[in-house]
Amino acid sequence: MTPLLAELSAIAAKAFVAEGFLETLGFVQRSDRPDLAQFQCNGALSAAKPARLSPRAVADRIASRLRAVSIFSKVEIAGPGFINLDVRDEVLLARLLAFTADKNLGAPRTGESKTAILDFGGPNVAKPMHVGHLRSAIIGDSLQRIFRANGWTVISDVHLGDWGLQMGQLISEIGHRGLASVYFDRDFSGPYPAESPVSMSDLEDIYPAASAACKSDPSRLEEARLATAELQAGRAGYRALWQHFVNVSEQGLTREYGSLGICFDLWKGEASVEPLIGPMIADLKARGLATESEGALILPIDEPGDRKELPPLILLKSDGAVLYGTTDLATIMDRVRSYHPELILYVVDQRQHTHFEQVFRAARKASYTGNITELEHAGFGTMNGPDGKPFKTRAGGVMKLYDLITMATEEAEKRLSEAGFARDYPEDEGKEIARKVGIAALKFADLSNHRVSDYVFDLTRFTRFEGKTGPYLQYACVRMRSILAKAAEAGPAPEMRVILSTPAERALILQLLMLPSAMAGAEHNRAPNILCDYVFTLAQIFNRFYTEHHIMSEKDEGVRSSRLALVRLTLSVLTKGLNLLGIEVPDRM
RNA sequence: GGCCCCGUAGCUCAAUGGAUAGAGCAACAGCCUUCUAAGCUGCUGGUUGCAGGUUCGAUUCCUGCCGGGGCCGCCA
């Protein structure tokens with residue numbers, strides 16, 4: 001089915017075309033003035049100037065054509081030339097019926113037969129995930145859900161940071177500590193032990209020490225660089241040790257992402273493209289694209305007419321090691337060959353924007369993108385503490401993601417018990433509710449901000465359960481379930497037939513029908529906050545409906561079952577919207 | 001220094017070039033013998049950082065300035 005706004009826009013577009021104007025002028029949106037109309041079209045205002053007509057004159061012509069279309073109950077011209085539109089109740093009900101019958105709830109098929117690769121997550125091997133990883137995970141996951149729902153074939157890749165300097169730092173630190181000496185013995189011919197010499201908690205201890213050592217001692221940094229280069233050059237013991245790091249880390253990361261309800265199709269990393277790098281470098285050299293400069297191999301990507309100077313992409317450092325730009329470039333080549341995607345979308349910190357500009361240019365320059373693949377960086381802002389600086393623990397250290405989730409869950413648990421919720425539920429269920437509520441608080445707070453702006457991370461505010469929060473939305477769902485359960489007790493559901501007679505019902509139906517447009521808008525702008533606004537508004541409108549119409553005490557059976565049908569539909573729409581944000585809804589609270 | 005992003009109500013944030021710039025929180029006044037009051041209703045709150053420009057119309061686009069953050073060849 002066509003989203004209602006698209007349907008209305010198409011009708012208006014036809015009217016504009018019939019009057020000799022551009023089709024795009026027919027764009028119809030929800031009215032800014034709900035007191036005046038349900039929908040509005042502003043096309044007449046922009047059509048007027050080039051046509052040397054007054055906006056009212058254009059609006060008159062369009063309006064008279066629209067009046068001939070039976071879908072509208074009202075077509076009015078207001079102000080300088082706005083065309084205000086109301087849709088007939090019968091039409092709303094007919095669209096609602098089709099919407100209800102559609103198992104995809106009218107999802108726009110914008111991604112039909114198209115493939116998108118979503119690159120997000122980007123955790124580092126051997127380092128615990130911290131709050132900095134939260135945004136990429138939450139936003140990326142929501143986008144993958146939205147793209148999939150809109151018909152895209154989505155391939156998500158966690159893209160581990162597993163091939164850079166931090167690997168060399170770890171290896172040399174382990175060497176210094178004298179752990180696992182067999183991996184450092186050049187005469188050892190294998191096989192290496194199957195069991196990892198270090199656990200995840202060992203790594204969590206070793207990495208900060210290694211990092212600190214390299215910072216304070218230049219000779220240690222040099223050692224780490226050498227180890228990195230040797231690892232990349234294929235030194236067997238280092239490779240074996242590295243494989244242990246990766247295996248151990250993946251286990252921890254899977255659990256961590258799992259606790260957030262986030263899945264990836266691919267667990268590739270920078271190292272995955274290692275076999276492609278040699279041939280790629282050779283190819284770039286052969287075609288004269290890569291040149292040597294100050295001992296390093298670079299790929300200049302600046303173009304005439306640039307507003308700013310863009311530094312070249314460094315392919316090989318002077319010590320022969322590769323950088324993440326090199327692996328990113330090879331990864332594009334790999335993805336294009338393997339999947340022929342229409343889009344590769346990177347959900348990565350906005351601070352890396354220049355890096356992606358460099359890599360994208362390099363890919364185009366080297367013709368690695370094929371002719372259909374669009375490369376896009378969907379950057380996001382930083383998460384700051386209440387002081388406006390990057391979020392830290394009280395002690396000033398990096399806040400681990402695991403601890404953060406625990407804090408949110410505990411806070412949720414506290415609030416639930418204060419409010420007397422879930423008091424008589426089994427302990428397991430209570431814990432599960434607290435987990436869902438805590439995660440919902442975190443996710444909704446993050447997603448409801450515009451992607452690119454920084455936001456203040458304030459756990460007290462996030463876990464507050466009033467107002468525009470995840471828990472408010474969950475609570476609305478739970479109330480709907482509760483009504484439906486009561487109704488089911490009272491008897492089997494009668495024939496579902498929606499009657500539209502009150503403003504609260506009309507407002508609810510209109511909002512329900514806007515789901516597809518919200519999904520399309522969120523995809524188009526790569527902006528889950530559009531969907532957040534949608535679900536929040538829906539919940540608000542529902543709560544108004546809920547307050548105004550007491551369903552179970554309604555005497556008229558037809559009206560009661562009609563309203564129950566609306567509750568049922570609202571529940572599925574709200575649940576779906578929350579699902580697209582990666583938020584789970586408990587059965588009861 | 002060059003470039004990128006941001007600047008909106010007391011606070012946290014929205015708003016494809018359109019009407020009276022919206023929510024939430026906070027403050028204030030109401031609403032629970034009825035489906036979960038984590039709710040609903042009403043009310044208060046604005047020179048959209050500043051100055052120009054384009055436009056019938058600018059929070060939105062352009063220029064300059066101020067303030068905050070970030071990036072600027074061998075970290076990711």
Side-chain angles (χ1 to χ4, degrees), chain A residues 27 29 31-33 35-36 40 42 45-46 48-49 54-55 78-82 84 122 124 161 163-166 169 214 221 225 228 270 293-298 300 306-319 321 323-325 348-355 357-358 379 381-382 384 388-390 415-416 418-421 437 445 448-450 452-456 458 461 464-469 471-472 474-476 478-487 521 524-525 529-530 532-533 536-537 539-540 543-544 546-554 567 588-589:
Chain A
F27 184 78
Q29 56 184 318
S31 177
D32 294 333
R33 295 284 307 271
D35 53 319
L36 299 181
Q40 69 185 71
N42 302 338
L45 293 164
S46 34
K49 187 64 179 246
S54 79
F82 298 102
N84 286 334
N124 293 309
W163 207 230
L165 182 64
Q166 77 271 24
Q169 290 178 322
C214 291
L221 183 60
R225 287 207 174 112
T228 307
E270 296 162 347
S293 166
E294 297 170 34
L297 187 70
I298 63 164
D306 277 352
R307 287 169 58 90
K308 59 176 170 179
E309 277 180 51
L310 276 171
L313 190 72
I314 297 179
L315 297 165
L316 293 177
K317 295 199 285 184
S318 41
D319 64 9
L323 293 165
Y324 78 135
V348 180
D349 194 315
Q350 181 67 20
R351 285 176 292 192
Q352 292 192 34
H353 192 73
T354 309
H355 164 74
E357 218 172 335
Q358 290 176 276
T382 56
N384 299 329
K389 291 178 192 156
R415 304 270 186 155
L416 285 163
E418 274 169 12
F421 274 61
V437 169
S448 57
N449 289 305
H450 184 80
V452 85
S453 53
D454 299 343
Y455 77 103
V456 174
D458 178 348
R461 188 163 56 81
R464 182 147 51 192
F465 298 157
E466 299 94 27
K468 194 173 179 179
T469 66
Y472 168 92
Q474 292 175 312
Y475 178 63
V478 165
R479 295 216 292 192
M480 292 175 211
R481 278 190 205 279
S482 181
I483 298 173
L484 295 173
K486 281 236 157 51
H524 184 255
N525 296 299
N529 68 303
I530 291 176
C532 289
D533 268 346
F536 179 66
T537 306
Q540 272 189 317
N543 277 332
R544 211 165 295 145
Y546 176 93
T547 307
E548 281 180 33
H549 301 312
H550 195 276
I551 294 170
M552 295 314 288
S553 62
E554 171 59 47
V567 173
R588 53 179 190 167
M589 286 165 76

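So that the names make sense, note that chain A is the first sequence line, chain B the second, and so on, each numbered from 1.
Heavy atoms of A:T354 sit under 4.0 angstrom from primed sugar atoms or phosphate atoms, though from no base atom. A:G79 comes within 4.0 angstrom of nothing in the nucleic acid, heavy atoms only. Nucleic acid contact class of A:D349 (heavy atoms, under 4.0 Å, all strands): none. Nucleic acid contact for A:L313: none, since no nucleic acid atom lies under 4.0 Å from a heavy atom of the residue. At the heavy-atom level, A:F82 lies under 4.0 Å from base atoms of the strands shown. A:V478 comes within 4.0 angstrom of a nucleotide base, judged by non-hydrogen atoms across all strands. Base contact: A:L36 has a heavy atom under 4.0 Å from a base atom. Across all strands shown, A:S54 has no heavy atoms under 4.0 Å from either base or sugar-phosphate atoms. Heavy atoms of A:Q29 sit under 4.0 angstrom from at least one base atom. Within the nucleic acid shown, A:E294 comes within 4.0 Å of at least one base atom, counting heavy atoms only. Contact annotation for A:H524: no contact, since no heavy-atom pair falls under 4.0 Å across all strands. Among the protein residues, A:H550 comes within range of the nucleic acid bases, having at least one heavy atom under 4.0 Å from a base atom. At the heavy-atom level, A:F536 lies under 4.0 Å from the strands shown only through sugar-phosphate atoms. Among the protein residues, A:I298 comes within range of the nucleic acid bases, having at least one heavy atom under 4.0 Å from a base atom.
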Revision key, fill the gap. Writing each nucleotide of RNA chain B 5' to 3' as (, ), [, ], | or . by Watson-Crick or G-U pairing under 3.5 Å yields (((((((..((((....[...))))..((((.......))))......(((((..]....))))))))))))....
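Contact of the A:Y455 side chain with the A:N384 side chain is not registered, since no non-hydrogen atoms from C-beta on lie closer than 4.5 Å. At least one side-chain heavy atom of A:F465 sits under 4.5 Å from a side-chain heavy atom of A:V437.
Regarding A:R225, its CZ atom lies at a distance of 10 Å from the P atom of B:A76, rounded to whole Å. The separation between A:Y546 atom OH and B:A37 atom C1' is 9 Å, rounded to whole Å. The CG atom of A:N529 sits 18 Å away from the P atom of B:G22 (whole-angstrom rounding).
Side chain to side chain, A:H550 and A:S553 meet the donor-acceptor criterion of an N or O pair below 3.5 Å.
Between the side chain of A:N84 and the base of B:A19, a donor-acceptor pair under 3.5 Å is found. Side-chain to base pairing of A:Q40 with B:A19: one donor and one acceptor N or O lie within less than 3.5 Å of each other.
Using a 30° and 60° split on the angle between ring planes, A:Y324 and A:H355 fall in the parallel class, below 30°.
B:G49 and B:C75 have their C1' atoms separated by 36 Å, with the value rounded to a whole Å.
Annotated as syn: B:C32, whose O4'-C1'-N torsion sits within 90° of 0.
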Write out a two-atom table: protein N or O, nucleotide N or O from nucleotides 25-27 of chain B, distance below 3.5 Å.
from	atom 1	to	atom 2	distance (Å)
B:C25	O2'	A:R464	NH2	3.3

